[in-house]
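Data first, discussion second: the structure below is written as structure tokens.
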Amino acid sequence: MQYWLMKSEPEVFSMDDLSKVPREPWDGVRNYQARNFMKSMKKGDLAFFYHSNCKPPGIAGLMTIAKTAYPDYTAWDPNSPYFDEKSSEENPRWFMVDVKYKKRFKELITLDELKQEKKLADLPLVRKGNRLSIMPVTAQQWDYILSLSSFLPPKPS
DNA sequence: GCCAACGTTGGC
DNA sequence: GCCAACGTTGGC
């Protein structure tokens, strides 16, 4: 079992959006390092859902990797903003995984909070200039970040 | 909207 | 294989 952090701009796709669908293809990743991390994901891995480029940025909740990496077909669609003419069905350049909603935090754990935690100093997210949109999280970091959170109570059924 | 930091591209 | 130019990310 591995742990991850994955960024999305909430105006494009948010934790709330994820909670409304059974699963979601994590498309549009166009960075080799991030792609390689996705390729090493296994079904059942857990990931933090990070809201980026918003006020305030931070971790919104948890999701599960529901499907391992497969070709990102948005790269083949000339009408997609993620189109890349160098990726073909015969030789796909970009990959994606499917993710599934798990839990939403009662409150966002803000980037500001995370930066203040000495125990998270090695987390790429808080390091200056790091722009990786997908990064590994160690088990220790994962547990520590979870200890900072509280969850929304389950919906009454 | 600014811009630092970083990744990618392509000429040489 | 170097590196300048350019584009993007994403916090502020």
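The sequence lines fix the lettering, A, B, ..., with proteins before strands; numbering per chain opens at 1. No experiment lies behind these values; they were computed from the predicted model shown.
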Are there over 12 heavy-atom neighbours, none belonging to E9(A), within less than 6.0 Å of that residue's CD?
yes

Indicate every side-chain donor-acceptor pair of residues 54-69 of chain A with a distance under 3.5 Å to a residue at least two apart or in another chain.
none

Take the C1' atoms of the five end pairs on each side of the helix from dG1(B)-dC12(C) to dC12(B)-dG1(C), get both axes, and report the angle to 10 degrees.
10°

Show me, pair by pair, the donor-acceptor contacts under 3.5 angstrom made by side chains of residues 117-134 of chain A, not counting sequence neighbours?
unit_1  : atom_1 : unit_2  : atom_2 : d
E117(A) : OE1    : Y144(A) : OH     : 2.5
R127(A) : NH1    : D122(A) : O      : 2.9
N130(A) : OD1    : L132(A) : N      : 3.0

Tell me whether the side-chain N/O atoms of K7(A) come closer than 4.0 Å to OP1 or OP2 in dT8(C).
no

Here the residues of residues 53-60 of chain A within 4.0 Å heavy-atom distance, strictly under, of DNA chain B are none

Give me each pair satisfying salt bridge (charged side-chain N to carboxylate O under 4.0 Å, His left out) with a member in residues 25-47 of chain A, each pair once, sequence neighbours excluded.
R30(A)-D72(A)

What pairs meet the salt bridge (charged side-chain N to carboxylate O under 4.0 Å, His left out) rule with one or both residues in residues 11-23 of chain A, with sequence neighbours excluded?
D16(A)-R104(A), R23(A)-D98(A)

Between L5(A) and L108(A), is there a shared hydrophobic cluster once you connect ILVMFWY residues whose side-chain heavy atoms come closer than 4.5 Å?
no

Let me check something: do Y32(A) and W4(A) share a hydrophobic cluster, defined by ILVMFWY side-chain heavy atoms less than 4.5 Å apart, either directly or through other members?
no

Could you list the protein-to-nucleotides 1-7 of chain C atom pairs, N/O on both sides, closer than 3.5 Å?
none

Students often mix this up, so state it plainly: with edges at 30° and 60°, are the rings of F151(A) and F105(A) parallel, tilted or perpendicular?
tilted

Please write out which residues are connected to F83(A) in a hydrophobic cluster, directly or through intermediates, given that two of Ile, Leu, Val, Met, Phe, Trp, Tyr count as joined at side-chain heavy-atom separations below 4.5 angstrom.
none

When rounded to whole Å, the CG to P distance for the pair N130(A) and dT8(C) reads 19 Å

With distance as the sole test, does S87(A) use its side chain to make a donor-acceptor pair with the main-chain N or O of D84(A) at under 3.5 Å?
no

Tracing side-chain links under 4.5 Å among I, L, V, M, F, W and Y, which residues wind up in one group with W76(A)?
Y70(A), Y73(A), M96(A)

With sequence neighbours excluded, tell me which residues meet ring pair (Phe, Tyr, Trp, His ring centres under 6.0 Å) with Y82(A).
none

In chain order, what residues pass the ring pair (Phe, Tyr, Trp, His ring centres under 6.0 Å) check against F13(A), with sequence neighbours excluded?
none

Detail all sub-3.5 Å separations between protein N/O atoms and N/O atoms belonging to nucleotides 9-11 of chain B.
none

With DNA chain B as reference, determine whether K128(A) or R30(A) sits nearer its 5' end, using the nearest nucleotide of each.
K128(A)

